[in-house]
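Owing to the predicted nature of the structure, the values given are computational and were not obtained by experimental measurement. Below, chains carry the letters A, B, ... as their sequence lines are ordered, and counting in each starts from 1.
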Protein chains: 2
Amino acid sequence: MQKTNQDISGDSLVSNTIGVITQHIRLNELGPGDRLPSETNLAKELSVSRTVVREAFKSLAAMRLINLSAGKRATVAHLDHGAMSLMIEHGVVTEQISVQQIYDVRRAIETRTVTLASLRRTEAEAQTILYHAAQMRTQVENPDLVMEHDLAFHLEIAKASRNPIFSMIVGAFQGVSRQSWSVGWRSRTEPSQRLAMAQTHVDIADAIATGDPQKANALMTTHFNDSIKALLDAGMS
Amino acid sequence: MQKTNQDISGDSLVSNTIGVITQHIRLNELGPGDRLPSETNLAKELSVSRTVVREAFKSLAAMRLINLSAGKRATVAHLDHGAMSLMIEHGVVTEQISVQQIYDVRRAIETRTVTLASLRRTEAEAQTILYHAAQMRTQVENPDLVMEHDLAFHLEIAKASRNPIFSMIVGAFQGVSRQSWSVGWRSRTEPSQRLAMAQTHVDIADAIATGDPQKANALMTTHFNDSIKALLDAGMS
DNA sequence: TTATCAAACCTGTCCTACAAGTTTGTTGAA
DNA sequence: TTCAACAAACTTGTAGGACAGGTTTGATAA
């Protein structure tokens, strides 16, 4: 094999190839859905084996920067929380992140999303948010359903904030939130406490629908303070 | 090749292998630095080719869940913002994220980190934060230096918040912040404006060192409001 | 006991091969 | 002319073998 490779950096061939691909996206101003060169072509162009190009593509696909599927060419991907979810999960599994820390981040983020949502939500989003809150109250006897509506409620608010980074972060926390959710629920032993939590969600939804950012923000802050306290009471680190 | 593979999901062999590896980390309660099985062993155990295992490892390494290096076995990685940086950069390059949206997220995050830092910073961290702020004021004629100390200032505060998720997110924004920083700087045309910005950082550092979370929070909020306004004035979307 | 060094192990890269999915262009019929 | 069917070309997914070069380990010698 010729040594005609553009020795950009002393890194590995795969790293260089990743750089070439991201630069290709940049220079050609590619957007989501646009197609990338085929593995074989890229390999020929860079004078590396297809193995190297494949590993570069796989790496980018792992980070969800591109989409791969058999037979089709690779395409530029839409923003997505898949990779970040795995990173967060990994942090929790390896005990580098605690559940409490996640809730602290969520509070910081979601007291903002709820404010923005109150200002920017579409009518359809307001309805969806109201729906999930209402279901939480109606289905208060069914924890699994309450949880799913709870998660969907928070994600929909992030979406309504019109800032994809918020959506990504809130989405990334859903996996681990799902795993620790029951802890908070069980710590609310009295039916009245559970109903109060559901009611808070309804109130938040109302504030968003009404377009009252201050009220929505205050309610969300209270909600997270309560949730974090509930986790602490349950002995969660 | 036998079909003895545990057909966990209809996904690809690589995806399954990724699942097996993360599960291996979970089940054996591995932490940062712990070693994973070798590619050859894993390939034999799962009845797949080394190619498949390699691509799985590469994917995990791309997300910074594991570290790879020639000759050595793969190890579980420390939490790191490398992958998230690439994701954010990709979002900006493909115009799915605007600089203004990044600053909005940063404001939500960093008004919290500064509060926590005021409560939790070590003495050494307080000194480092003070140092970067002081350098910003001293070197006010040298934009490149001001920027580097600015970035280091914010990252050190995140670190002092004692929540690795905050560090990760703030770190992930550094790359794109570096690229848009000069826009904000140039919009502050008067020397007095530039000095005022540097002074704000000194004030924040003082509040952290003194242990005054309310004041630190208020100053940081003001700082971000100003910065976002500066970007808007400069016509940044 | 410690230093040295060779063998065993491991990852990085290349190559070839083929199955299976997708795209494209041609052909043929309406 | 238009459209449908189909074959050819292209593309990705996986396998398996080969070898260079870095790392670990254990045996040997001082």
Side-chain angles (χ1 to χ4, degrees), chain A residues 1-21 24-25 28 30 33-77, chain B residues 1-21 24-25 30 32-77:
Chain A
M1 188 81 350
Q2 305 108 287
K3 295 272 178 51
T4 340
N5 309 348
Q6 49 262 58
D7 275 71
I8 298 173
S9 78
D11 252 337
S12 71
L13 293 181
V14 175
S15 300
N16 288 346
T17 305
I18 290 176
V20 169
I21 297 168
H24 177 271
I25 294 174
N28 297 66
L30 300 187
D34 291 345
R35 296 199 304 174
L36 294 168
S38 74
E39 295 174 356
T40 314
N41 282 351
L42 204 50
K44 224 170 289 180
E45 197 175 317
L46 302 179
S47 305
V48 298
S49 68
R50 184 158 83 97
T51 309
V52 170
V53 176
R54 268 194 71 73
E55 292 190 354
F57 271 26
K58 263 287 176 204
S59 294
L60 291 169
M63 290 182 286
R64 307 294 188 103
L65 305 195
I66 67 174
N67 291 322
L68 300 178
S69 74
K72 290 184 192 168
R73 298 262 286 275
T75 57
V76 176
Chain B
M1 188 82 348
Q2 306 109 287
K3 294 274 176 53
T4 339
N5 309 347
Q6 50 262 62
D7 275 72
I8 298 173
S9 80
D11 253 336
S12 70
L13 292 182
V14 176
S15 301
N16 288 346
T17 305
I18 290 177
V20 170
I21 298 167
H24 178 270
I25 295 174
L30 301 187
D34 291 345
R35 296 200 303 175
L36 294 168
S38 75
E39 294 174 355
T40 314
N41 282 351
L42 204 49
K44 224 170 291 178
E45 197 176 318
L46 301 179
S47 306
V48 297
S49 68
R50 184 157 84 97
T51 309
V52 170
V53 176
R54 271 196 68 73
E55 292 190 354
F57 271 27
K58 263 288 175 204
S59 294
L60 291 169
M63 290 183 284
R64 308 294 188 104
L65 304 195
I66 66 175
N67 291 320
L68 300 177
S69 73
K72 291 183 192 169
R73 298 263 285 275
T75 58
V76 176

Taking CZ from A:Phe57 and P from D:dG13, how many angstroms apart are they, rounded to a whole number?
-> 10 Å
Taking atom C1' of C:dC9 as reference, at what distance in whole Å does atom CG of B:Leu36 sit?
-> 16 Å
Is any side-chain heavy atom of B:Ile25 less than 4.5 Å from a side-chain heavy atom of B:Leu36?
-> yes
Between the CZ atom in A:Arg73 and the CG atom in A:Asn67, the distance rounded to the nearest 0.5 Å is 14.5 Å
Between P of D:dT23 and CG of B:Asn67, the distance in whole Å = 14 Å
Measure from CD on A:Glu55 to C1' on C:dT11 and round the result to the nearest Å.
-> 10 Å
In whole angstroms, the gap separating P of D:dC10 from CZ of A:Arg35 amounts to 14 Å
How do A:Val14 and A:Gly71 order along DNA chain C: which one's closest nucleotide is nearer the 5' end?
-> A:Val14
Contact nearer the 5' end of DNA chain D, comparing A:Ala70 with A:Thr51 | A:Ala70
Of all heavy-atom pairs between B:Pro37 and B:Phe57, which one has the smallest distance, and what is that distance?
-> O-CZ, 3.6 Å
C:dC14 OP1/OP2 closer than 4.0 Å to side-chain N/O of A:Arg50 | no
Quick one: B:Leu68 CG to C:dC9 C1', roughly how many Å, whole number?
-> 16 Å
Under 4.0 angstrom between A:Arg73 side-chain N/O and C:dT22 OP1 or OP2 = no
Do you know which of A:Val14, A:Ile18, A:Leu42, A:Leu46 makes side chain to side chain contact (heavy atoms under 4.5 Å, CB included) with A:Val52?
-> A:Val14
With a non-hydrogen cut-off below 4.0 angstrom, is B:Ser38 in contact with a base, only sugar-phosphate, or nothing?
-> sugar-phosphate
Atom-to-atom span, CG of B:Asn41 to C1' of C:dT11 - whole angstrom = 13 Å
Nearest-neighbour nucleotide for the A:Glu39 side chain, C:dT11, C:dC14, D:dG13 considered = D:dG13
Correct closest heavy-atom pair for B:Lys58 and A:Ser59 would be O-OG, 3.7 Å
Return the nearest nucleotide to the side chain of A:Lys72; candidates are C:dT11, C:dT22, D:dT12.
-> C:dT22
Give the rounded distance in Å between these two atoms: CG of B:Leu46 and C1' of D:dG16.
-> 17 Å
